[in-house]
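Just so it is clear, the model here is predicted, and its values are computed rather than measured.
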Amino acid sequence: LECALTVNFTQEVYIMNKILIVYFSHRGENYWNGGMKVLTKGNTEIAAEMIAKITGGDLFEVETARPYSEHYRECVQEAREEFMNQTRPALKTYPDGVEDYDTIFVGYPNWCGTMPMAMFTFLERYDWSGKRVLPFCTNEGSGMGRSVADLKKICPGALVEDGLPVHGAETADSFGMIEAWVQKNLTND
């Protein structure tokens with residue numbers, strides 16, 4: 001009940017702020033606390049859904065036209081090759097636009113010290129001028145990497161805030177931490 005009251009309060013406070021939560025997440029075999037674990041829902045997707053619940057914002061999942069391997073080591077190799085070649089993989093779909101949104105939460109796992117290249121494909125498509133970008137990054141110990149600096153480069157004209165690193169294996173238990181970060185950032189408007 002206490003959680004529900006907080007969520008309703010937050011959504012009422014930010015009714016004037018149009019929010020989009022855009023994220024890329026990886027299902028299948030993932031690195032998890034020093035071992036491997038098969039995930040039916042990726043950690044970043046779980047975090048994105050929490051932010052949507054807290055804010056009432058719209059969700060958009062970035063999906064590549066050719067899915068990454070569900071096997072961890074193969075996926076790492078694919079991600080590394082894309083990163084080394086600065087590939088922009090094709091995406092399945094895009095939202096009609098982002099112009100109606102004021103605040104954009106951008107979520108991704110830390111791949112190669114930054115965002116997956118699919119996020120670069122997505123972000124480079126739009127004009128982010130005047131938008132507020134709040135990044136969140138799931139990881140197993142590597143934090144945000146250089147992703148915030150990369151976001152600032154590919155989102156010129158946007159106010160890119162410091163991000164929230166979320167330990168991937170603890171994502172499902174991170175609602176309180178995520179809610180506090182969201183409230184802190186949205187009450188500073």
Inset, instruction - Consider only side-chain N and O atoms of T87 and N85, and report whether a donor and an acceptor are under 3.5 Å apart. - result: no
Can you check whether [Y]'s main-chain N or O pairs, donor with acceptor, with [X]'s side chain at less than 3.5 Å?
X    : Y    : value
D100 : V98  : no
N30  : K37  : no
S25  : E45  : yes
T171 : G168 : yes
E70  : E29  : no

Going only through I, L, V, M, F, W and Y residues with side-chain contacts under 4.5 Å, is there a path from [X] to [Y]?
X    : Y    : value
I51  : L59  : yes
F24  : V76  : no
V106 : I178 : no

Inset, instruction - Drop me the distance from I46's CD1 to L39's CG, to the nearest 0.5 angstrom. - result: 7.0 Å
Inset, instruction - Find the distance between CD1 (I19) and CG (D58) and round it off to the nearest 0.5 Å. - result: 9.5 Å
Any side-chain heavy atom of [X] sitting closer than 4.5 Å to one from [Y]?
X    : Y    : value
Y126 : P95  : yes
P109 : P116 : yes
V133 : L159 : no
E78  : R66  : yes
E140 : H167 : yes
V62  : Y108 : no
N110 : T138 : no
F60  : I21  : no

Contact summary for [X] and [Y], nearest pair of heavy atoms:
X    : Y    : value
P135 : M144 : CB-CE, 4.0 Å
A169 : N43  : N-ND2, 4.5 Å
T64  : A118 : CG2-CB, 3.6 Å
K131 : I104 : CB-CG1, 4.4 Å
G107 : T44  : C-CG2, 3.4 Å
L123 : C155 : CD2-SG, 4.2 Å

Inset, instruction - Please determine if R132 and E161 form a salt bridge, counting it only when a charged side-chain N lies under 4.0 Å from a carboxylate O. - result: yes
Legend entry - Pair E61 + R27, salt bridge at N-O below 4.0 Å: yes
Inset, instruction - Could you tell me if the ring centre of Y72 sits under 6.0 Å from that of W32? - result: no
Legend entry - F136 and Y23 aromatic centres sub-6.0 Å: no
Legend entry - Over 12 foreign heavy atoms within 6.0 Å of CG, D162: no
Inset, instruction - Scan Y31, F83, Y68 and name whichever one has a ring pair (Phe, Tyr, Trp, His ring centres under 6.0 Å) with W111. - result: Y68
Legend entry - Test salt bridge (Lys or Arg N to Asp or Glu O under 4.0 Å) applied to R88 and E82, step by step: CA-CA 7 Å; R88 300 301 191 259; E82 285 183 353; over 6 Å; no
Inset, instruction - Show your reasoning for whether side chain to side chain contact (heavy atoms under 4.5 Å, CB included) applies to L186 and T55. - result: CA-CA 9 Å; L186 294 184; T55 65; 3.9 Å; yes
